[in-house]
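Some notes on the structure that comes next.
Note that the structure is a prediction, hence the values are computed from the model and not measured. Residue numbering restarts at 1 for every chain, and letters A, B, ... go by the order of the sequence lines.
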Amino acid sequence: MPEPILQVRDLTVHFYTYAGIVKAIENVSFDVYKGETFALVGETGCGKSVTSRALTQLIESPGRIVNGEVIYHSEKGPIDLLKLSEEEIREIRGNEIAYIFQDPHASLDPLYTVGYQIAEAIEVHGKVKNIKEGIKKAVDILRAVLIPDPEKRVHNYPHELSGGMKQRIVIGTGIANNPRILIADEPTTALDVTVQAQILDLINSLKEKYHATVILITHNLGVVAETADRVAVMYAGKIVEIGSVEQIFKNPLHPYTKGLLKAVPNPMTKIERLEAIPGTVPNLITPPGGCRFHPRCPYVMEVCKKKVPELVEIEDGHFVACHLY
Amino acid sequence: MAELKKFLIRRILTFVPTIIGVTLIVFLIAYVIPADPAKAWAGGEKASPEAVERIKERYHLNDPWYAQYIFLVKGIATNTLIDPRTSNPVLDDIRDRFPVTFQLAIIAFIFTLIIGIPLGLISALKRNSIVDTIVRIFALIGVSTPVFWLGYLLIFVFFVKFRITNLAGVPPTPATQITHVPIIDALLTGEFTLFKQHLARFWLPGFVLGFMGTGVLARFVRNSFLEAISGDYIEFLKAKGVPKLKIYRHALKNALVPIVTVLGLQFGGLLGGTPITETVFALPGMGSYAIQSIQNLDFPVIVAITFIYALIYVTANLVVDILYAVIDPRVRY
């Protein structure tokens, strides 16, 4: 039995806007095991990023974590991250649980050198005495993320670097404190295709090197097949299916997962022609009752409109939330 | 460094057309006013025709307008232009009055900064709360309060009722002059009683002059800070585990470019406000000198003061441009 490092239970986040309450994610539950790469997939707006940020209370007003538990198995024992005070969670953020954001052009403060920004990440967790010492460490980190000429690059400003280089800096910032969990929120979306593979390789090799657990958020199924061990598929703020990569790609159970896999070239099976899922993503202020996917589902039944399906285990480690099973 | 030098030379060259333009416009306005300055300078209606003629001769008033303008500019450049009212070279008169105005502007600017920036920050941090609304109302009051009204009101409170300030004369300048601004020199040379005297005389007019800018500055600080704090890098800083205060420092630095811009413009605006403030508080500075000159049709002085004001304004803007590059590494000369 693999050992869980993170157990998410019934996580619910609402955004209170003028238009109404946006139920961004509802009752999201999943486990992440030590040392694995766990992928969270789904289309834009399905709540992947909100889920990942809610894990360490990184939800800004007008958003609020309404309900749920995030049990983190730290070296000192399990703690509920959502019950920690602002200062306690700050000590964990960037230290034990670190993030890599989507857009490297926007993630770095344009007015500070990249060395300073990495050094700052180390300094705020008290691992170096001052920024100057941190910059010395930053040189080693730049070397670890394969930036050429690191002694010189630490003194560069973000605008002096390319997108791929900037994302390496962001990754470097993420791993600066040897985190136990690295949450990569669409780390390759804003980059050129040629650079994407390099960045994924880098994340993978760093994961091996530091024995970290990676939570990878992406809408790119190719990336998932390439890097992930287990996958959770999200739709309209809910998890519809969880399983290993083989289970999800070879034996997708949920109609949404099936639709997704038909819409992209499947790396595991041969398909003749790509199909789109009919309909659009629902409005999360007034989500459809019952199963949120029912208006677009080809197998819709009466029960789907009334009852919210629960996640049930169909085969070992393969869960699905669908009335068909 | 070489780039900075080039930039400075280029910018200082652009001063020339700006200043010529400003002084020319002021001169032309004065020129087309249907009045007879020579007669006014000679002593009004009773002046003898010979005296009026001599003055016209001396100030080239019979020449076409461009010749008159060139005469004035040459006179200012060589300091040979004599004020027809005081019989001193115009620039000497200005030099005597400049420190008062500059000192007033500096104190007003400090008031604007120490009130405007904290108010803007508080407003941003407590956005859409009661505090924010109060600051917004304060900003509106600030920009719409006339200087002369606020001036007399505060004179009533602080002079008539409580005697916390005085309104006559100007304290002496310190013996050793370093910057030629008395209050700074007094502080630098350690003459603290003199410093206190200057402060007692200048704080109220400085506050009144600076008050108008505080509201505008507070609004600017608020909006730029809010824009900076909504940046993605701020969220990444949070994800890095950076404490709140340090995050605010990042946001403030990013908000600084628009703030510095508005500060540069406000310093120019302060100079524009000095004539009224100096008149209300009976300060013998450049502003009240300008008012007296206007009342006496004293065109040479008006053009000379315009020249000085324009020079200060463009210099303030040059300082702002240099500050951009200091703040933001993306800005190159």
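Although no hydrogens or angles enter the test, the distance criterion places no donor-acceptor pair under 3.5 Å between the side chain of His250(B) and the main chain of Tyr112(A). Looking only at distances, no side-chain donor or acceptor of Lys238(B) sits under 3.5 Å from a matching main-chain atom of Arg90(A).
At a 4.5 Å heavy-atom cutoff, the contact between Glu60(A) and chain B is made by side-chain atoms alone. Neither the backbone nor the side chain of Gln102(A) has a heavy atom closer than 4.5 Å to any heavy atom of chain B. Using a 4.5 Å cut-off between heavy atoms, Glu87(A) makes no contact with chain B at all. The contact between Leu237(B) and chain A is made entirely by side chain atoms (from C-beta outward), counting heavy-atom distances below 4.5 Å. Both the backbone and the side chain of Tyr99(A) have a heavy atom closer than 4.5 Å to some heavy atom of chain B.
Crowding of Met212(B) atom CE: a count of heavy atoms from other residues, nucleotides or ligands under 6.0 Å not exceeding 12. At most 12 non-hydrogen atoms from other residues, nucleotides or ligands lie less than 6.0 angstrom from CD of Glu227(B). In this structure, Ile130(B) places its CD1 atom where only 12 or fewer heavy-atom neighbours from other residues, nucleotides or ligands lie under 6.0 Å away. Within a 6.0 Å sphere centred on CZ of Arg143(A), other residues, nucleotides and ligands contribute more than 12 heavy atoms. The local environment of CZ in Arg127(B) is sparse, with at most 12 non-hydrogen atoms from other residues, nucleotides or ligands closer than 6.0 Å.
With values rounded to the nearest 0.5 angstrom, Ser61(A) atom OG is found 9.5 Å from Asn128(B) atom CG. In this structure, CG in Asn254(B) is found 4.0 Å from CG in Leu111(A), a value given to the nearest 0.5 Å.
Looking only at heavy-atom pairs under 4.5 Å with chain B, the residue among His159(A), Glu123(A), His125(A) that has the most is His159(A).
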Between Glu235(B) and Phe101(A), does the side-chain contact (heavy atoms from CB on, under 4.5 Å) criterion hold? Intermediate values first, please. CA-CA 9 Å; Glu235(B) 209 172 337; Phe101(A) 281 177; 4.0 Å; yes
Between Val170(A) and Phe236(B), does a side-chain contact (heavy atoms from CB on, under 4.5 Å) hold up when you go through it step by step? CA-CA 9 Å; Val170(A) 173; Phe236(B) 191 57; 3.5 Å; yes
For Leu108(A) and Tyr233(B), run side-chain contact (heavy atoms from CB on, under 4.5 Å): C-alpha distance rounded to whole Å, both residues' side-chain angles, the deciding distance at 0.1 Å, then the answer. CA-CA 5 Å; Leu108(A) 297 169; Tyr233(B) 54 87; 5.7 Å; no
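Residues Thr173(A) and Lys240(B) meet the side-chain proximity criterion, which asks for heavy atoms closer than 4.5 Å. The shortest distance between side-chain heavy atoms of Val124(A) and Pro243(B) falls below 4.5 Å. Proximity of Arg330(B) to Glu160(A): side-chain heavy atoms (C-beta onward) are nowhere separated by under 4.5 Å.
Heavy-atom minimum distance, Pro329(B) versus Pro110(A): CG-O, 3.5 Å.
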